[in-house]
Structure formats: C-alpha cells, structure tokens
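Below is one structure, written out as structure tokens, with a few remarks after it.
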Amino acid sequence: MADPVVVSSGQTFERVSAQVCRNLGFSPVLDDGSKPDFSTVIPNLAMKKTILHWCEKSGARNPQAPDYSSVERRVGALMEQEKPHTGFRDLSDRDLLEGVSDLPSMNFSHAATEYGRRPEHFYTSSSEESVFVGGSPGTPLPFTIRPVCYSFSSSSSENVENNALIQALGPNSSIGEEENKFLAKLESPDVLEQEEGIVSLRKVTKADENIRVSLCTPRILSSLHSLVTSRYPKVQINAVASLVNLSLEKPNKLKIARSGLVPHLIDALKGGHTETQEHAAEALFSLALEDENRMAIGFLGAMPPLLYALRSENERTRDVSALCLYNLTMIQSNRVKLVKLGAVTTLLSMVKSRNSTNWLLLILCNIAVCQEGRSAMLDADAVGLLVGMLREKELDSESARENCVAALYALSYGSMRFKGLAKEAGAMEVLREIIERGSERAREKAKKILERMRTRGRSVDDGDRGGESSFVRGGLSSTGYRMGGGRIPSSANTMPF
C-alpha cells in the first residue's frame with residue numbers, strides 16, 4: 001500500500017482501490033463474508049508510518065500508488081466473478097430517476113442509403129406504440145427502459161422483396177445453410193460481392209425479428225468486423241445499419257457487445273460517413289439499453305465521441321447520442337468519466353441554447369446523482385441557470401420543467417452550498433410558483449427542495465438514514481431519496497433500418 005485509508009466499515013485499503021470500487025459502485029465479498037463500505041475514506045496515518053518505517057529499515061523502496069486503469073480492470077474482472085452477489089445490476093438501472101414518463105418516444109426510421117425513406121423529424125408515438133413502466137419505489141429518479149421492436153410500413157415493392165428474402169430463411173431451409181450463403185458474400189475479397197451480401201443482410205434483418213435472432217451468430221458477427229471498418233462508404237453504412245437491426249433483439253445485445261464490435265462502432269462514430277455516424281450512435285444506444293453493456297461501452301471509450309456528437313449537424317445523431325449518454329450515465333463509473341471529461345460545462349451551455357433540452361436535462365439529473373457531478377454542476381452555476389430557465393419560462397414543455405426541477409432536487413442533496421446559491425438565484429420564489437401551478441411531480445420535488453433550504457445542516461427526507469454514501473453509489477433503499485419527476489420515453493424504441 002502506498003496510501004492506506006480506512007473505509008467506513010473499518011477495513012484498510014489502498015486509496016486507489018477504494019476509489020475505484022466507489023466509482024464503480026462495487027463492494028467485494030471479503031473472506032469473512034462481509035462487504036466493505038467505501039462511502040467515506042480516512043487516511044490511515046499509523047499504517048502508512050509503519051510501512052515507510054519498515055521500508056527504511058529493510059532498505060526496500062517506498063511503495064508506489066497503483067495505476068488507476070489497471071486497478072479498474074482488475075475490479076471489473078472481480079465484478080464479473082461476483083455478479084450474482086454484488087447487486088450491481090439492481091443499482092445500475094432501477095436506482096436512478098423517479099416519475100419519468102411521457103416524453104415523445106423516438107421512432108428511428110430506415111436509413112436513406114440503399115432503401116427505406118427517411119422522415120424529416122421525430123414524432124410522438126401513439127400510446128399503443130409506447131410501453132411505460134413505472135419506477136420502482138426505491139429509486140432517485142427511477143424508471144425502467146425496455147427495448148421494444150415496432151412493426152413498420154413499407155412500400156409494396158419492398159414487401160415483395162423482403163418476403164422473398166424471408167422465405168429463403170423459412171422453416172424449409174436450414175439456417176446454417178443460409179448463414180453460409182451470407183458468409184460467402186460477406187467474406188468475399190470482391191467488394192461488390194461484399195456489398196451485395198451486406199445489403200441483403202440489412203434487408204432481411206429489417207424485415208423479421210426471428211431472423212434477427214437466428215442470424216446473430218458468432219460467424220456473422222465476426223464477418224462484420226471488416227465491413228464495419230470498410231473504407232467503402234456503401235459497405236460500411238449498410239454494415240453498421242445491419243448491426244442496428246440485429247441489436248434490436250434483447251438476446252443479441254450481449255452477443256454483439258462481447259463480439260468486439262463496440263470499438264469499431266466507436267471509431268465509426270468518430271470518423272465515418274454522416275449516415276454511418278448516425279447508425280453508429282443508434283447501435284451504441286441500442287446496446288446501452290442492456291444494463292450489462294453499459295460499463296463496457298463506457299470503458300471502451302464511447303463517452304468522448306458521444307459527447308462530441310451532441311453538436312452534430314444531424315439532428316437524429318444529436319438526439320440519439322444524448323439518449324445513449326443518458327443510458328450510460330445510469331451507472332456510477334460512467335457518470336464520473338463524463339464529469340472528468342468536462343461534460344458538465346458543455347451540457348449546461350447546450351441546455352442554455354435550448355438544444356435537445358429534454359434529453360440533456362436527463363443526463364444532468366444522472367450526473368447530479370454522484371458527488372463529483374454535484375460539485376462540478378455547482379461550480380458551473382447550474383443552480384442559477386436552471387432557476388433562471390424556470391423563472392423565464394424558457395422550457396417549452398411540462399416534461400422539461402419537471403426535469404429541470406428534478407436536477408435542482410438532485411443538487412440540493414446535503415449541500416449547504418446549494419442553499420446559498422439557490423437563495424442568491426431567487427429560487428424560493430420560483431419554487432413557490434411551481435408548487436402553486438406546476439405538475440404533481442414538479443410540485444412534490446419543489447416542496448422538498450424548499451424543506452431542505454429551510455433545514456439547518458444535512459437534510460433528511462422520506463425517512464432516509466443512509467447518508468451521502470447510498471446516494472453516491474446510485475442505489476437507495478425503498479425509503480431513500482426519490483428524485484426525478486421528469487419525463488422520458490420509457491422504451492426509447494428503435495426501428496429497424
């Protein structure tokens with residue numbers, strides 16, 4: 001140990017190891033069956049003095065702090081081993097933002113290249129197209145996202161062609177034989193053969209969900225590696241679109257992520273053709289709907305290009321990238337990564353310019369769940385900005401106002417600094433108006449913010465006694481803090497391309 005620290009539960013760990021476990025929301029099972037609590041760390045000066053004295057006496061070099069990345073990899077591997085015992089999955093998705101529903105569900109239409117018509121804008125889907133799932137009782141801003149695949153209408157000529165392709169993969173045909181036919185083209189050295197094969201794969205995976213599951217095989221995914229990285233735009237566009245189609249089925253999401261295609265999608269998002277970038281964002285978003293993929297996607301470096309894509313000239317790329325970041329920030333490690341990237345200032349400036357406000361406010365709500373995020377947002381005057389937007393009625397929907405109040409509620413947790421900033425911004429008057437005229441969710445959060453502002457010292461709501469530690473880890477008990485009140489699409493559905 002280079003810098004030993006005592007954690008809340010009494011054990012001593014190397015500081016870097018404790019920090020990694022805290023950032024990842026992970027507590028390993030120790031030899032005695034207990035789990036350490038990393039919410040607070042205190043330098044163990046006696047242990048450090050003993051270590052340094054022993055090194056000096058024995059002639060050994062003083063220990064050096066371990067590399068953060070290497071520790072993160074080792075802890076990640078340990079998490080995989082202990083997954084049935086950690087509760088990690090329970091904390092990643094359901095322990096976030098409460099009362100979120102009813103933002104327009106997103107309908108991602110077929111890409112323009114090769115086939116399918118691109119609509120000019122997103123639309124609000126009907127109630128039949130959206131599956132809203134209520135939040136669990138113990139979440140800060142809780143909701144659950146469920147992937148849903150929708151049917152679509154296509155032209156008669158497309159239907160004829162698609163039906164012919166589907167029949168080729170029907171019950172009278174061996175899927176292994178058809179897989180070999182696709183592979184013969186996808187792996188051909190002739191680019192025209194590759195193009196023909198990937199266009200066919202894209203069409204057939206657009207048309208039938210059962211075929212999407214059947215064709216998501218290790219051999220098909222392996223063949224897509226070279227096509228997703230192809231320098232021929234038509235091949236690359238259709239390859240990435242095919243991955244979007246395959247990823248629509250829940251059983252395929254883990255297969256794709258574990259096949260090594262995520263880094264290629266990230267590279268395509270960074271420097272591909274405009275349409276390739278759009279589909280790459282779609283694919284990452286679809287994969288991020290699976291909670292087991294979120295840490296891997298963040299670890300592999302998706303956060304910086306997604307953050308950059310928020311300023312894309314393509315509206316669809318902007319919105320899908322925001323939704324992908326929103327899903328990724330459901331886990332602690334990705335929230336911290338985003339804060340370290342300086343994303344808070346970028347997101348606040350974009351909110352101020354009213355660019356994809358709803359989605360960006362939801363990301364900020366997630367960031368504010370962690371201590372690092374709250375500190376960064378307070379430093380960037382998020383309180384003044386959010387209060388100002390509510391006062392000037394700059395938010396164009398009730399859902400955006402709810403999300404704005406939810407972000408303020410997250411920032412108000414256990415912070416004397418928030419009280420001063422909020423009073424300086426005139427928040428009390430704005431919050432009273434919301435209590436009088438706002439929606440039920442917004443009124444509930446506004447009341448609690450005012451209660452916190454009137455309370456001396458650390459505020460306690462709803463019977464929570466877990467303190468900062470449970471809030472930072474992203475998981476709360478059934479009586480814990482309930483943030484939120486905003487609205488998002490419960491399923492954030494994608495359409496096949």
Side-chain angles (χ1 to χ4, degrees), residues 39-40 96-99 139-141 335-336 339 344-345 347-349 351-352 360-395 400-474 476-477 479-486:
S39 57
T40 304
L96 279 178
L97 314 173
E98 178 175 37
T139 58
L141 274 169
R335 295 174 212 145
V336 174
V339 172
V344 167
T345 302
L347 293 170
L348 288 174
S349 66
V351 167
K352 190 174 183 180
L360 300 179
L361 284 171
L362 285 167
I363 299 172
L364 288 168
C365 285
N366 282 3
I367 291 176
V369 170
C370 70
Q371 182 178 2
E372 296 87 347
R374 288 199 296 281
S375 297
M377 289 177 67
L378 292 174
D379 288 343
D381 193 28
V383 175
L385 172 62
L386 297 172
V387 170
M389 294 180 72
L390 290 169
R391 177 187 296 111
E392 301 300 326
K393 298 179 173 57
E394 295 181 6
L395 301 168
R401 285 187 286 275
E402 290 179 356
N403 293 337
C404 197
V405 176
L408 286 171
Y409 179 74
L411 291 172
S412 71
Y413 178 83
S415 174
M416 294 296 294
R417 186 179 172 198
F418 171 86
K419 297 179 182 181
L421 293 172
K423 289 179 180 178
E424 183 179 343
M428 299 187 76
E429 177 184 350
V430 173
L431 293 171
R432 290 192 187 103
E433 183 178 351
I434 291 172
I435 292 172
E436 293 177 2
R437 305 177 186 177
S439 68
E440 181 179 354
R441 292 187 181 94
R443 291 199 304 270
E444 178 187 352
K445 297 300 175 285
K447 288 178 183 178
K448 291 182 179 179
I449 296 172
L450 286 176
E451 289 174 6
R452 289 178 175 179
M453 292 178 67
R454 297 189 188 106
T455 303
R456 293 183 179 180
R458 189 179 75 85
S459 60
V460 179
D461 291 327
D462 301 333
D464 175 65
R465 296 296 185 274
E468 182 79 6
S469 61
S470 61
F471 195 82
V472 168
R473 287 195 301 269
L476 298 176
S477 66
T479 56
Y481 286 95
R482 296 182 183 180
M483 297 166 45

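The structure presented is a predicted model; accordingly, all values stated were derived computationally and were not measured. Just so you know, residue 1 is the first one in the sequence shown, and it goes up from there.
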Val405 and Ala442 have their tightest heavy-atom pair at CG1-O, 3.8 Å
Restricting to side-chain contact (heavy atoms from CB on, under 4.5 Å), what partner residues turn up for Leu385, sequence neighbours left out? Leu348, Lys352, Met389
Nearest heavy-atom neighbours spanning Ala368 and Met377: CB-SD, 3.8 Å
Side chain to side chain, Leu386 and Leu390, heavy atoms closer than 4.5 Å: no
What is the minimum heavy-atom distance between Val344 and Ala380, and which atoms define it? CG1-CB, 4.1 Å
Shortest non-hydrogen separation from Ala400 to Leu361 and the atoms involved: O-CD1, 3.5 Å
Side chain to side chain contact (heavy atoms under 4.5 Å, CB included) partner of Ile449, chosen from Glu451, Met453, Lys447: Met453
Just checking, is any N or O donor in the side chain of Tyr413 or Arg452 under 3.5 Å from an acceptor N or O on the other one? no
Output for pair (Ser349 OG, Leu347 CG), nearest 0.5 Å, gives 7.5 Å
Quick one: pull up SG in Cys404 and CD1 in Ile434 and give me the separation to the nearest 0.5 Å. 7.5 Å
Spacing of Ile435 atom CD1 and Glu444 atom CD [to the nearest 0.5 Å]: 11.5 Å
Any chance you could measure Arg443, atom CZ, to Lys448, atom NZ, to the nearest 0.5 Å? 13.5 Å
What I want to find out is whether Glu436 reaches Arg432 closely enough, with some N-O distance under 4.0 Å, to be called a salt bridge. no
Return the CD to CZ distance between Gln371 and Arg335, rounded to the nearest 0.5 Å. 13.0 Å
Flag the pair Arg454 / Leu450 as yes when at least one side-chain heavy-atom distance between them is below 4.5 Å, and no otherwise. yes
Any salt bridge (Lys or Arg N to Asp or Glu O under 4.0 Å) pairs touching residues 408-417, not counting sequence neighbours? Asp379-Arg417
Using a 4.5 Å cut-off on heavy atoms from C-beta on, say whether the side chain of Leu364 contacts that of Asn403. no
Determine all donor-acceptor pairs shorter than 3.5 Å in which one atom belongs to a side chain in residues 420-427; sequence neighbours excluded.
none

